[in-house]
Amino acid sequence: MSETLDKLSGTLSDLLKKAKEVGAQAVETVDRNGTVREAYARGTERTKTYAKIAKQTLELNRESEELRKVYTEIGKLYFEQNGGNAPGFFAPLCAQAAATAEKIRSLEDEIRALRESVMPEDAEKDIEVEIGAFDDVVSADEDAARGE
């Protein structure tokens, strides 16, 4: 049986060597014409270009977000300074901003009232006391387990 395995191993080894030789000859033959190198070079350049596109796109998105923040701040400052006295086409926009701000305040008040109706202010203190008591019990159990 060992002899059969040795023959099989030798045959596989020979086949592997021949496959490598044939592969090397094929690459050498194709490479003489520069086909493999050109394809590799084109692929490398494409990869570099795609990486640069991705990097530039990220930078573009960062800059666009920064510009949006600046525009938002300009609008906010303009509204704060001229809200009720805005001229021309700014007047309806400022009125809309004021109405939206009032709606937000109203919703915040409603949410605050709902929270208070469900959980009175002193409920949080009770929870904190219970958590503190629980922590004390856990610490005592840990101390007891250590033999302290």
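All values below were derived from every heavy atom in this structure, side-chain atoms included, with hydrogens, water molecules and symmetry-related copies excluded.
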Tell me if the CD atom of Q96 is crowded by more than 12 foreign heavy atoms within 6.0 Å.
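Check fails, neighbour count at 12 or below.
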Counting heavy atoms not belonging to R62, are there more than 12 under 6.0 Å from its CZ?
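Atom CZ in R62 is packed in, count exceeds 12.
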Under the 3.5 angstrom rule, does the side chain of S64 hit a backbone N or O of N61 as a donor-acceptor pair?
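Here the side-chain-to-backbone pair does not exist.
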Are L77 and E80 side-chain neighbours, meaning at least one heavy-atom pair lies under 4.5 Å?
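Yes, at least one pair of side-chain atoms sits under 4.5 Å.
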Working to the nearest 0.5 angstrom, can you tell me the gap between [X] [atom1] and [Y] [atom2]?
| X | Y | atom1 | atom2 | answer |
| --- | --- | --- | --- | --- |
| I53 | L60 | CD1 | CG | 12.5 Å |
| T47 | K52 | OG1 | NZ | 15.0 Å |
| R68 | E65 | CZ | CD | 4.0 Å |
| D109 | L114 | CG | CG | 11.0 Å |

Which heavy atom of A86 sits nearest to which heavy atom of C94, and what is that distance?
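Scanning both residues, the minimum pair turns out to be CB-SG, 3.6 Å.
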Closest approach of A97 and F79, non-hydrogen atoms and distance?
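Closest approach of A97 to F79: CB-CE1, 3.8 Å.
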Kindly indicate, with the supporting measurements, whether the criterion salt bridge (charged side-chain N to carboxylate O under 4.0 Å, His left out) is fulfilled by R105 and E108.
CA-CA 5 Å; R105 278 190 291 279; E108 288 172 340; over 6 Å; no
State plainly whether one hydrophobic cluster holds both F89 and Y78, where clusters connect Ile, Leu, Val, Met, Phe, Trp and Tyr through side-chain heavy atoms under 4.5 angstrom apart.
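F89 clusters together with Y78.
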Regarding E45 and R42, does a basic nitrogen lie under 4.0 Å from an acidic carboxylate oxygen?
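Result for this pair is no, no salt bridge flagged.
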